[in-house]
Amino acid sequence: MWAFQSPKTTLLPSHATFLPRPSLKSPICSITLNPTASTADNNKLIQSLCKQGNLTQALELLSHEPNPAQHTYELLILSCTRQNSLLDAQRVHRHLLENGFDQDPFLATKLINMYSFFDSIDNARKVFDKTRSRTIYVYNALFRALSLAGHGEEVLNMYRRMNSIGSPSDRFTYTYVLKACVASECFVSLLNKGKEIHAHILRHGYDGYVHIMTTLVDMYAKFGCVSNASCVFNQMPVKNVVSWSAMIACYAKNGKAFEALELFRELMLETQDLCPNSVTMVSVLQACAALAALEQGRLIHGYILRKGLDSILPVISALVTMYARCGKLELGQRVFDQMDKRDVVSWNSLISSYGVHGFGKKAIGIFEEMIYNGVEPSPISFVSVLGACSHAGLVDEGKMLFKSMHVAHGICPSVEHYACMVDLLGRANRLEEAAKIIENMRIEPGPKVWGSLLGSCRIHCNVELAERASIRLFDLEPTNAGNYVLLADIYAEAGMWDGVKRVKKLLEARGLQKVPGRSWIEVKRKIYSFVSVDEVNPRMEQLHALLVKLSMELKEEGYVPQTKVVLYDLKAAEKERIVLGHSEKLAVAFGLINSSKGGVIRITKSLRLCEDCHSFTKFISKFANKEILVRDVNRFHHFRDGVCSCGDYW
DNA sequence: TTAGGGTTAG
């Protein structure tokens, strides 16, 4: 047996004593061997080298030791992942096979976890396949690895086989299998699988485990099934801060920002023993950003400072986004400037913030500054910067960036990137070029890409291309009412009333309804919401009266109502009455009544701002001498003195 | 031996 004596003997533990024998020099790492050391000594030495992080010497010693212990391999595997060295990991694996440990289920579990860490899923699978004694740990490790790698269906198939051979699941299995349901593209079929597993959990009495139930809340959240998620959450016998955070995140991510803030309020008021943490705060900030609830966001920022959560990177990135999305770009920039360290997500937050405010060149500048600072762009960096180009009409710059993605940064364009390019070209009325991009795509264009094209067709009223995109969209997303409405809008603008009727019939036949646009405004920390067809809102009469008065006055100043988007073949006066009731005009009127002199009116809209509201708000900003900030579904419009920051390009 | 929620875009 041979042991190595490290030159840094002071680092070694007391058991690593060396006999006074003539020593040999290792050619590789200049450490001295002790030929009399026992296997036990060698194992101890390798283990201590691993614990010290000295993987090179541990491996060198391993190559001379034919009888390493199970625990030695365990520490070596851990050390390889800590040092992020796949090559060393494979060396350990080979050694382990040569020494007859290939059927050890404990080490198989460790190896599967190790290969999962290195994203080497084929190797993880091979280890599982070769292990005959498949304990629940081995199964769980593979389920975890496959779920993380996005192979959800494979996990579910194996889970079925596992059940059929009578191999029992444990509480860990359920969490991994639930995760598998959302680790796949085939959402519809796997939602049903998730529901089946939910039933298994109830049947086998696992519904008291907080981890499993929280994973279940998260699974329903990721499928967009908010009511199922809240049902599970409400029935949980024990909830902790993670369960609350999962439910708040569910609301924040699924367009229920009001509910997210309300649940956070409940957490603060009704649970004395639970303290929100950084993860909770990120979702709460997202909800504030979605509602443009600046005052609430400021309060949350104060809470974050008091709790010392202001140095956590995801929290700061969410703060940057919150301020920018509440119209306070300069505050977002200030938070970013004060960061001690930044990661790619922080940079992406700032890039997209400038993007939604229409500062395309500035967004490109930040993107370049990020690279100059040694931060490699991520796929989302490109989505952000291409989006910024699109809002600002920077077509050539966007095309260059798109090209550089693969050439300079080795990132293959995904569906999201193609959707950005289609949007960029489409908005700039280069629709044929946009269609050409889709034709030449190397991957299957999904609904996002066709949706971008249809959106651009709506802006430039291109009936022929819109029909082409719609055929694909109605097939890919048969229940998305928004696509039908866009096509109907295009027909209406083109005066093709038969087409409008046809699409409306299709919408009805599929049991779908047009989702009305909604606008919000925050006044004295309270959020007021408006929809155009709101008969129960007690303020409606007063707001309508004000809008009629304003409309008459503005017409004298040159305002001409744009009624071409009304989906009915009606007389001009009737169409005018309909567009005057749009939700953002109601919010503007409410803001005029309730804002202080010199105060900015901030409005958020759930859809794209319509042309009439855009023109109306420009006039109001001039003749009421008001600064109005409207965030629509895509970007900001900053109205001041009769002009909009988008330059009428949106 | 293994587990749950979050960051940026669309």
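Reminder, nothing fancy here: chain letters follow the sequence lines and each chain counts from 1.
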In whole angstroms, the gap separating C1' of B:dT2 from CD of A:Glu74 amounts to 12 Å
Who are the salt bridge (Lys or Arg N to Asp or Glu O under 4.0 Å) partners of A:Asp489, not counting sequence neighbours? A:Arg458
Give every residue pair that meets the salt bridge (Lys or Arg N to Asp or Glu O under 4.0 Å) criterion with at least one member in residues 296-322 of chain A, sequence neighbours excluded. A:Glu295-A:Arg298
Taking only residues two or more places apart in sequence or in another chain, which ones pass side-chain hydrogen bond (donor to acceptor under 3.5 Å, both in side chains) with A:Glu74? A:His71
Just to verify, what does A:Glu369 make a side chain to side chain contact (heavy atoms under 4.5 Å, CB included) with, not counting sequence neighbours? A:Trp347, A:Asn373
Using a heavy-atom cut-off of under 4.0 Å over every strand shown, decide if A:Asp170 touches base, sugar-phosphate, or nothing. base
A:Glu330 and A:Lys328: CA distance, side-chain angles, deciding distance, salt bridge (Lys or Arg N to Asp or Glu O under 4.0 Å) verdict: CA-CA 5 Å; A:Glu330 66 286 0; A:Lys328 287 284 187 185; 3.7 Å; yes
Please name all residues satisfying ring pair (Phe, Tyr, Trp, His ring centres under 6.0 Å) with A:Phe264, sequence neighbours left out, ordered by chain then number. none
Integer-rounded Å distance: B:dA3 C1' and A:Tyr137 OH: 12 Å
Expressed in angstrom and rounded to an integer, what is the separation of A:Ile77 atom CD1 from B:dT2 atom P? 14 Å
Using whole Å, report how far CZ of A:Arg608 lies from P of B:dG10. 15 Å
Readout for nucleotides 4-9 of chain B: B = base within 4.0 Å of protein heavy atom, S = sugar-phosphate only, - = neither; 5' to 3' it is BBBBBB
